[in-house]
Engineer: 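One structure, pasted below without further comment.
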Amino acid sequence: MVEQITNIYTRPLCRTERVYLIYHDLCPPFANQIVLEGLGSFDEERWKQAVQKASAANPGARLVLKGCLIASRWVDSGITPRVRVVNGLGWDGSGGPDGSPFEQGPLNPYDGTACEVVLMPGDPLRVAFRSHHALMDGRATLFWAEEIFRALRGEPLLGSCSRLTELDMARSFQKKGRIPPAHDFIGPTGRAQGTESGVIWRRLHMEGRYRNLVAQVAVILAQSAWSYEAGKVRFGVSVDMRHRQPGLRSTGNLTNLIYLNMLPGLTVDDVTRDMAQQLADKNDGMLYWGDRLIRYVPLRMLHRAIQDEIKEKQHTGRYRNSGIISNPGRLSPERLSCDTFALQTGFFIPPCQESLPIFIAMAGTDQCVEILISMSRKLANGGRMAGLMERLQKGLQPS
């Protein structure tokens, strides 16, 4: 049964979301983008009706940002996210944003267009679910997509109206915080080269199933980093904190990180045990103490500070993390199909950003894994992106 909403849905803008607003300004789109590939046909009007129903039951998809500083809040606009059809026949789904038919579509948190659904007729059919990252995290976007498919199948919607923020969730199970390390970590493809700005991403499709995928990727990325130079390597691993409250349904940003400090000689089993221990210790609830001040900093000042920090990181080749690894999990054909769309595979496009050397997102189905690699053009050029993809393709071991 859909949860009853007795008043206008609203929740505070959390500190991490303020940073995401700046990332989107500096290198758009800083967004969650889930692309599904399948067979069937599109009925645009039917999809619009399904998006309207799913977004009414999950008003987190209709939010606009109001207020400033500590008074900044997300408020339900009542505006249904747009559905648009684009020509995807010239895009093979292997990379972007060059050639991608949908990524330059604006996502605006101030006018009710922070989310959208893009239908791409072709063979295969593709549909993209997009949300501004300041509004939702990847798991929230996936839940919204699943709700849309429930509406397409004529099933009851689950709905969500949780007002929990990242800080609320973290404090509910973890009282300890973190002090950020110095910018001492190297990237998997060496130092920035050239002057070309912006971010590119590439897709690696691999048949079969892979156990301990995050740990495997972390080991391979660390080895790649050390092939360029000696240095410290540390990866952030995204963790959906919703697992701390079973049954919670939220379309907010409730993802935090645990960190893997990589050393030569660490095995996949070593890294897997480390992650398990960190989750047992509830490290996914540890936030940086200093981030509390962000809510008091005007966005203009935050913009300048982050912009300067990105330039400094790329100049020195040293970062606060060597990259982010995100594994939202397998996509369900049962939840992401209807009578006119049969899911074959799908992938998450990592948010565009240049403050880290690399962002990797993994998804797929029971039959395959999809690995998406996003990085600054200054770090991907000279064949380095292709070389890293080859390392992953040769190094990953199926189960």
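This structure is a prediction, so every number in the text was calculated from the model and none was measured.
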Engineer: Do you know the tightest heavy-atom contact between T345 and T365?
Structural biologist: CA-CG2, 3.9 Å
Engineer: Do R139 and D137 sit within salt-bridge range, that is, some charged N less than 4.0 Å from a carboxylate O?
Structural biologist: no
Engineer: According to a hydrophobic-cluster definition based on side-chain heavy atoms being under 4.5 Å apart (Ile, Leu, Val, Met, Phe, Trp, Tyr only), do I371 and L221 belong together?
Structural biologist: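 Yes, same cluster.
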Engineer: Check D281 with K176, please: is the shortest side-chain N to carboxylate O separation under 4.0 Å?
Structural biologist: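 No, K176 and D281 are not salt-bridged.
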Engineer: Counting only heavy atoms not in R178, do more than 12 fall under 6.0 Å of its CZ?
Structural biologist: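 Atom CZ in R178 is crowded, with more than 12 foreign heavy atoms closer than 6.0 Å.
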Engineer: For residues G395 and I220, report the shortest heavy-atom separation together with the two atoms involved.
Structural biologist: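 Nearest heavy atoms, G395 then I220: C-CD1, 3.6 Å.
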Engineer: Step by step, work out the side chain to side chain contact (heavy atoms under 4.5 Å, CB included) result for I358 and L379.
Structural biologist: CA-CA 9 Å; I358 193 169; L379 296 171; over 6 Å; no
Engineer: Roughly how far, to the nearest 0.5 Å, is OG of S131 from CD of E116?
Structural biologist: 10.5 Å
Engineer: Please determine, by modelled atom types, if R73 and T10 share a side-chain donor-acceptor pair under 3.5 angstrom.
Structural biologist: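 Distance-only check passes for R73 and T10.
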Engineer: Give a yes or no on this: more than 12 heavy atoms of other residues, nucleotides or ligands lie within 6.0 Å of atom CZ of R171.
Structural biologist: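 No, CZ of R171 has 12 or fewer neighbouring heavy atoms, counting only those of other groups under 6.0 Å.
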Engineer: For C115, which of R82, M136, R62 qualifies under side-chain contact (heavy atoms from CB on, under 4.5 Å)?
Structural biologist: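 Answer after filtering R82, M136, R62: M136.
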Engineer: Strictly below 4.0 Å, N to O, side chains only: are R318 and E229 in salt-bridge contact?
Structural biologist: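 Salt bridge present between R318 and E229.
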Engineer: Is any side-chain N of the basic residue among R11 and E17 closer than 4.0 Å to the acidic one's carboxylate O?
Structural biologist: yes
Engineer: Shortest non-hydrogen contact from L157 to K53?
Structural biologist: CD1-O, 3.4 Å
Engineer: With a 3.5 Å cut-off and no angle check, do the side chains of S160 and N58 form a donor-acceptor pair?
Structural biologist: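 Indeed, the side chains of S160 and N58 share at least one donor-acceptor pair under 3.5 Å.
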Engineer: To the nearest 0.5 angstrom, please state how far the CD1 atom of I70 sits from the CZ atom of R295.
Structural biologist: 5.5 Å
Engineer: May I ask you to check whether F149 and W47 place their ring centers less than 6.0 Å from one another?
Structural biologist: yes
Engineer: Assess, by modelled atom type and distance only, whether the side chains of S376 and E354 contain a donor and an acceptor separated by less than 3.5 Å.
Structural biologist: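 Yes, because at least one side-chain N or O of S376 sits under 3.5 Å from a partner of the opposite role on E354.
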Engineer: What about W201 and F359, are their ring centers closer than 6.0 Å?
Structural biologist: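 That pair fails the under 6.0 Å test.
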Engineer: Near R191 CZ, under 6.0 Å, is it more than 12 heavy atoms from other residues, nucleotides or ligands?
Structural biologist: yes
Engineer: Side chains of H243 and Q245: is there a donor and an acceptor less than 3.5 Å apart?
Structural biologist: no
